[in-house]
Amino acid sequence: MVVDELGFKASEDDHIVVDGIELYKEEKVVYMLNKPKNVISSASDDRGRRTVVDIVDSEYRIYPMGRLDYDSSGLILLSNDGELMQQLIHPKYEVEKTYEVTIDGIIQEKDIEKLRKGVHIEDYVSAPAKVELKNINHNKYTSFLLVTIHEGRNREIRKMFQTVGFKVIKLHRIKEANLELGNLKSGEYRRLKPYELKQLRNYLNGNDRK
């Protein structure tokens with residue numbers, strides 16, 4: 001098939017030849033990284049700080065799929081698949097992310113209920129969150145919770161807890177969409193397997209929501 005019109009879109013399976021030379025189609029890859037604290041969720045940093053791309057040794061030009069705060073740790077995905085990235089970060093897909101949250105203080109059920117319903121943060125109200133109290137340490141005067149949200153605005157969880165009177169002292173993401181961090185240690189990463197990518201696409205298409 002010869003194409004002579006501007007704006008024609010090729011499919012994933014098309015082989016494109018220009019002047020007798022087949023164009024190289026880069027393989028799509030996705031990596032899962034357990035981001036340490038004090039690392040930037042960016043491809044580069046004008047202040048010279050270490051980035052997630054610095055950690056992942058890849059032959060491909062990859063970018064972080066979304067963000068994780070500088071002072072937070074845990075699961076972040078990196079890829080060269082722009083289409084998949086847009087699906088993961090676009091609000092309409094409501095991709096859930098689960099965090100382990102340690103706060104300074106003993107939280108009460110009434111505060112948890114506020115977080116579940118949504119709280120007023122600056123110029124918006126946070127979407128209802130799934131919040132589960134896992135442990136209270138009276139000696140250290142801390143509370144440990146699991147929090148699942150799908151918005152992911154800038155420092156949203158920290159601001160949510162601040163609204164009900166608590167400071168987050170540790171924030172660690174353990175799950176995004178249907179992908180779990182598992183036993184990856186801080187600073188470790190791995191490439192997603194084909195079946196994991198298939199399951200992720202099914203999740204984004206609404207076929208595998210739990």
### Query
Of all heavy-atom pairs between Val30 and Ser79, which one has the smallest distance, and what is that distance?
CG2-OG, 3.5 Å

#### Entry: Partners passing side chain to side chain contact (heavy atoms under 4.5 Å, CB included) against Glu188 (at least two apart in sequence or in another chain)
Leu184, Lys185

### Message
Between Asp54 and Thr51 (side chain of the first, backbone of the second, donor and acceptor by atom type, cut-off under 3.5 Å), is there such a pair?
### Response
yes

### Query
So, the side chain of Glu196 versus the backbone of Lys193: is there a donor-acceptor pair under 3.5 Å, distance only?
yes

### Message
Can you see whether Ser58 engages Tyr31 through a side-chain donor-acceptor pair at a distance of less than 3.5 angstrom?
### Response
yes

### From Ser41 atom OG to Ile76 atom CD1, the distance as rounded to the nearest 0.5 Å
3.5 Å

#### Entry: Non-neighbouring partners of Arg49 that pass side-chain hydrogen bond (donor to acceptor under 3.5 Å, both in side chains), sequence neighbours left out
Asp45

### Query
Mind checking whether Lys167 and Phe161 have side chains closer than 4.5 Å, heavy atoms only?
no

### Task
Could you state whether Phe144 and Leu133 fall into the same hydrophobic cluster, counting links through intermediate Ile, Leu, Val, Met, Phe, Trp or Tyr residues with side-chain heavy atoms under 4.5 angstrom apart?
no

Give the table of side-chain donor-acceptor pairs shorter than 3.5 Å for residues 103-113, with sequence neighbours excluded, one pair per line with atom names and distance.
unit_1, atom_1, unit_2, atom_2, d
Glu109, OE2, Arg116, NH1, 3.1
Asp111, OD2, Gln108, N, 3.4
Glu113, OE2, Arg116, NH1, 2.6

### Query
If Ile, Leu, Val, Met, Phe, Trp and Tyr residues are connected whenever their side-chain heavy atoms lie under 4.5 Å apart, and connections chain through other members, are Val119 and Val168 in the same group?
yes

### Query
Would you say Asn183 has more than 12 foreign heavy atoms packed within less than 6.0 Å of its CG?
no

### Task
Go through Phe166 and Gln162 one step at a time and tell me if the side-chain contact (heavy atoms from CB on, under 4.5 Å) criterion holds.
CA-CA 5 Å; Phe166 296 92; Gln162 184 178 5; over 6 Å; no

#### Entry: Cluster link Met32 to Leu84, ILVMFWY, side chain under 4.5 Å
yes

### Task
Walk me through it: do Val39 and Ile55 pass the test side-chain contact (heavy atoms from CB on, under 4.5 Å)?
CA-CA 9 Å; Val39 172; Ile55 296 177; 4.1 Å; yes

### Task
Please tell me if the side chains of Asn80 and Lys28 come closer than 4.5 Å, counting only heavy atoms from C-beta onward.
yes

### Message
In the structure I gave you, are the side-chain heavy atoms of Ser186 and Pro36 within less than 4.5 Å of one another anywhere?
### Response
yes

### Task
May I ask you to list the residues sharing a hydrophobic cluster with Leu146, side-chain cutoff 4.5 Å, ordered by chain and number?
Ile174

#### Entry: Minimum side-chain heavy-atom gap Pro64-Val53 below 4.5 Å
yes

### Steps toward side-chain contact (heavy atoms from CB on, under 4.5 Å) verdict (Leu192, Arg190)
CA-CA 6 Å; Leu192 293 191; Arg190 66 176 180 85; 4.0 Å; yes

### Query
Are any of the side-chain heavy atoms of Asn205 and Gln87 separated by less than 4.5 Å?
yes

### Message
Return the NZ to CG distance between Lys35 and Leu77, rounded to the nearest 0.5 Å.
### Response
13.5 Å

### Query
Does Leu75 offer a backbone N or O that forms a donor-acceptor pair with the side chain of Arg173 under 3.5 Å?
yes

### Query
What is the distance from atom CE of Met160 to atom CD1 of Ile149, rounded to the nearest 0.5 Å?
6.0 Å

### Task
Walk me through it: do Lys37 and Ser72 pass the test side-chain contact (heavy atoms from CB on, under 4.5 Å)?
CA-CA 5 Å; Lys37 287 180 60 177; Ser72 300; over 6 Å; no

### Query
Is there a path from Val101 to Tyr70 through hydrophobic residues (I, L, V, M, F, W, Y) whose side chains come within less than 4.5 Å of each other?
no

### Query
Looking at side-chain heavy atoms only, is the closest gap between His172 and Asn34 below 4.5 Å?
yes

### Query
Between Lys159 and Glu122, is there a side-chain N and carboxylate O pair less than 4.0 Å apart?
yes

### Query
Side chain of Asn135, backbone of Ser143: donor and acceptor closer than 3.5 Å?
no

### Message
With a 3.5 Å distance limit and no angle check, can you tell me whether Glu151 reaches the backbone of Ala127 through a side-chain donor-acceptor pair?
### Response
yes

### Query
Atom CD1 of Ile89 and atom CE of Met65: how far apart are they, to the nearest 0.5 Å?
8.5 Å

### Query
About how many Å separate CD1 of Ile169 and NZ of Lys140, when rounded to the nearest 0.5 Å?
8.5 Å

### Query
Is there a donor-acceptor contact under 3.5 Å linking the side chains of Tyr189 and Arg191?
no

### Task
May I ask you to test the Asp69-Asn154 pair for a side-chain heavy-atom distance under 4.5 Å?
yes

### Partner residues of Thr148 under the side chain to side chain contact (heavy atoms under 4.5 Å, CB included) criterion, sequence neighbours left out
Glu96, Thr98, Lys130

### Message
The criterion is salt bridge (Lys or Arg N to Asp or Glu O under 4.0 Å); which residues satisfy it with Asp71, sequence neighbours excluded?
### Response
Arg155, Arg158

### Message
Using 0.5 Å steps for rounding, measure from the OG atom of Ser42 to the CZ atom of Arg50.
### Response
14.5 Å

### Message
Could you see if Val147 belongs to whatever hydrophobic cluster contains Val125? Use Ile, Leu, Val, Met, Phe, Trp, Tyr and a side-chain cutoff under 4.5 Å.
### Response
no

### Task
Determine whether Tyr203 and Leu88 make a side-chain contact, defined as any pair of heavy atoms from C-beta on separated by less than 4.5 Å.
no

#### Entry: Asp81 bridged to Arg201 by N-O distance under 4.0 Å
yes

## Note on the structure
Closest non-hydrogen atoms of Tyr93 and Leu204, given as atom of the first, atom of the second and distance, are CD2-O, 3.3 Å

